[in-house]
Asks: 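Below you will find the structure I want to go over with you.
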Amino acid sequence: MKAPLRSKIFRIISQQAALKKVRAFVIGGYVRDYILKRPSTDIDIVVEGNGMEVAAAVASVLNVPVTRFKNFGTARIQYRGLDIEFVGARKESYRSDSRKPVVEDGTVEDDQKRRDFTINAMAFSLQEEDYGILTDPFNGLEDLKNRLIRTPLDPDTTFSDDPLRMIRAIRFAAQLEFSLEKEAFSSIVRNTSRLEIVSQERITAELQKIMATGKPSRGLVLMEESGLLARIIPQLSLLKGVETMDGKGHKENFAHTMEVLDNVAYRSDNIWLRWAALLHDVGKPSTKHFDREAGWTFHGHDYVGSKMIPSIFRKLKLPLGEEMKYVQKLVQLHLRPIALVNEVSDSGVRRLLFDAGEDIEDLMMLCRADITSKNPKTVRRHLENFEIVSKKLVEVEEKDAIRNFQPPISGEVIMKTFGLSPCREVGLIKDYIKEAILDGKIGNNFGEAWEMMLQRAAELGISEAGA
Ligand code: ATP
Ligand code: MG
């Protein structure tokens, strides 16, 4: 196979490498994606010799800066939306007694041997004499055609050398919608414990790529089946299985979670909404209870689940700020919308709007995605109920504008009116007004709130300043 590689950038790299009398190749992901006709802006160039020197020469022709990563021996330039990384070809040999390989300079063939998968080990030549010709030592092209993830060496060797590759195998299978070669899969099953030597940051980066795919369950189910998930997020593996009592079984919560996750992913790219879907039922195993009359219940799994989020995020080294709070909030509130079906008054709706705030739409998306059942009639009935709640939310929000609730009377106004400094009473009055608005006792406006403030203050024995 021969690629035209018409882009000016490849010509320039080719010329500059020739001037330095070294061979250069396009390698890895770009080659794979080029053949798959997937657009890609990341270009990896491997040079037999000093990659930094060639990068510097190319950068000076293009008149762009070059960033060097001395520790990795790589250099990067950015040009017209392209990210081009240069690296010297390396030869790696692993020894069983050490995690760190011995790394030496090598040929492009050596470099291809240390790649993770056959489809990632292909290279296009940038030499004048065979410009664009594919070098494919492990038949990656064939595997691309067969949509197969296969390791270039014996999978036990490839995975043991760098166990992160086990998750990468699944990530590529999920992303490209490929299958994992059988031997590779059974090797992963054998080698899951090797994951211990991999840093959490690298694992989580791959996990995030799986979460960002169109149908994340594809990757997560493979992780579960291979035994990797039990090591990374054991709380999710616990959702597996169905218990039966008095002939009654409960929902298979892992399969359900996968369905909810895919439902959300189908409608939204928001990675944290996807995490909320993945974790929404994580409190179920520890709240599971069987009652002769009510059957299986998971009371409080929303609350318990939301309390589990921080430790999961901490272990996975996911961000602990806004993102985590958002996921916690959605997990905690995920049952609330549907619980409103039987609520006659508007106050429950107002409270939900208040608690969800600006995340109300995301919460509703999660709640809708959570409606799964093997019985189409049940799904239809629940969806109808869901629509009723959706409508109510819109009506109440139009009327009362609770979603971005700002108290009509601030703490400052209360303090000024009664000549108070910050104290418990100010909070009490403020809360009382808020509760009255949410309960619908008064409207969300200054006048009614002012009256309520005076009344509550009097009850507390506080009188107006100067009165
Ligand atoms: P994408 O950028 O879409 O994630 P990619 O194939 O470019 O896909 P990268 O992680 O950017 O993946 O890696 C670039 C290339 O480096 C890969 O195609 C592969 O050849 C090689 N590579 C990356 N990580 C490893 C690894 N852990 N073991 C062996 N080779 C690897
Ligand atoms: Mg890449």
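For ligands, and for the atoms within them, numbers begin at 1 and follow the listed sequence. For the single chain, residues carry numbers from 1 onward in sequence order.
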Asks: In the complex you have, is atom 11 (O) of ligand 1 within reach of the protein, judged by whether a heavy-atom distance drops under 4.0 Å?
Replies: no

Asks: Could you tell me the residue and atom name of the protein heavy atom closest to atom 28 (N) of ligand 1, and the distance to it rounded to 0.1 Å?
Replies: R165 NE, 2.7 Å

Asks: Which residue holds the protein heavy atom closest to atom 4 (O) of ligand 1, what is that atom called, and what is the gap in Å?
Replies: R171 NH1, 2.8 Å

Asks: Report the C-alpha distance between M166 and L195 in whole Å, list the side-chain angles of each, state the deciding distance to 0.1 Å, and finish with yes or no for side-chain contact (heavy atoms from CB on, under 4.5 Å).
Replies: CA-CA 8 Å; M166 297 189 284; L195 212 59; 4.0 Å; yes

Asks: Under a 4.0 angstrom heavy-atom cut-off, which atoms of ligand 1 come close to G28?
Replies: 18 (O)

Asks: Heavy-atom distance to atom 27 (N) of ligand 1: which of V198, I167, D162 wins?
Replies: D162

Asks: With backbone taken as N, CA, C and O and side chain as the heavy atoms from C-beta onward, which portion of D116 lies under 4.0 Å from ligand 1: side chain, backbone, both, or neither?
Replies: both

Asks: Which one holds for R32 and ligand 1: side chain close, backbone close, both close, or neither close, with close meaning a heavy atom under 4.0 Å?
Replies: side chain

Asks: Look at atom 2 (O) of ligand 1 and say which protein heavy atom is nearest, naming residue and atom and giving the distance to 0.1 Å.
Replies: D42 OD2, 4.2 Å

Asks: For ligand 1, does D44 get within less than 4.0 Å through its side chain, its backbone, both, or neither, judged by non-hydrogen atoms?
Replies: side chain

Asks: Should the proximity of F172 to ligand 1, defined as any heavy atom under 4.0 Å, be assigned to the side chain, the backbone, both, or neither?
Replies: side chain

Asks: Do R76 and D83 sit within salt-bridge range, that is, some charged N less than 4.0 Å from a carboxylate O?
Replies: yes

Asks: When you measure from the centre of the six-membered ring of Y131, is the NZ or CZ of R11 closer than 6.0 Å and no more than 45° off the axis?
Replies: yes

Asks: Taking the six-membered ring of F298, is NZ or CZ of K288 closer than 6.0 Å to its centre and within 45° of its axis?
Replies: no

Asks: What residue and atom, counting heavy atoms only, is the protein's closest point to atom 18 (O) of ligand 1, and at what distance?
Replies: G29 N, 3.1 Å

Asks: Which atoms of ligand 1 sit under 4.0 Å from any heavy atom of R114?
Replies: 29 (C), 30 (N)

Asks: Can you tell which part of R202 has a heavy atom less than 4.0 Å from ligand 1: side chain, backbone, both or neither?
Replies: side chain

Asks: Answer yes when R150 and D143 have at least one side-chain N-carboxylate O distance shorter than 4.0 Å, and no when they do not.
Replies: yes

Asks: For the pair E177 and R218, find out whether any cationic side-chain nitrogen is under 4.0 Å from an anionic carboxylate oxygen.
Replies: yes

Asks: Out of R115, R168, K209, who gets a non-hydrogen atom closest to atom 23 (C) of ligand 1?
Replies: R168

Asks: Can a salt bridge be assigned to the pair R168 and E206 using a cut-off of 4.0 Å between side-chain N and carboxylate O?
Replies: yes

Asks: Assess whether a salt bridge exists between D111 and K91, defined as any Lys/Arg side-chain N lying under 4.0 Å from an Asp/Glu carboxylate O.
Replies: no

Asks: Quick one: do D161 and R114 make a salt bridge, cutoff under 4.0 Å?
Replies: no

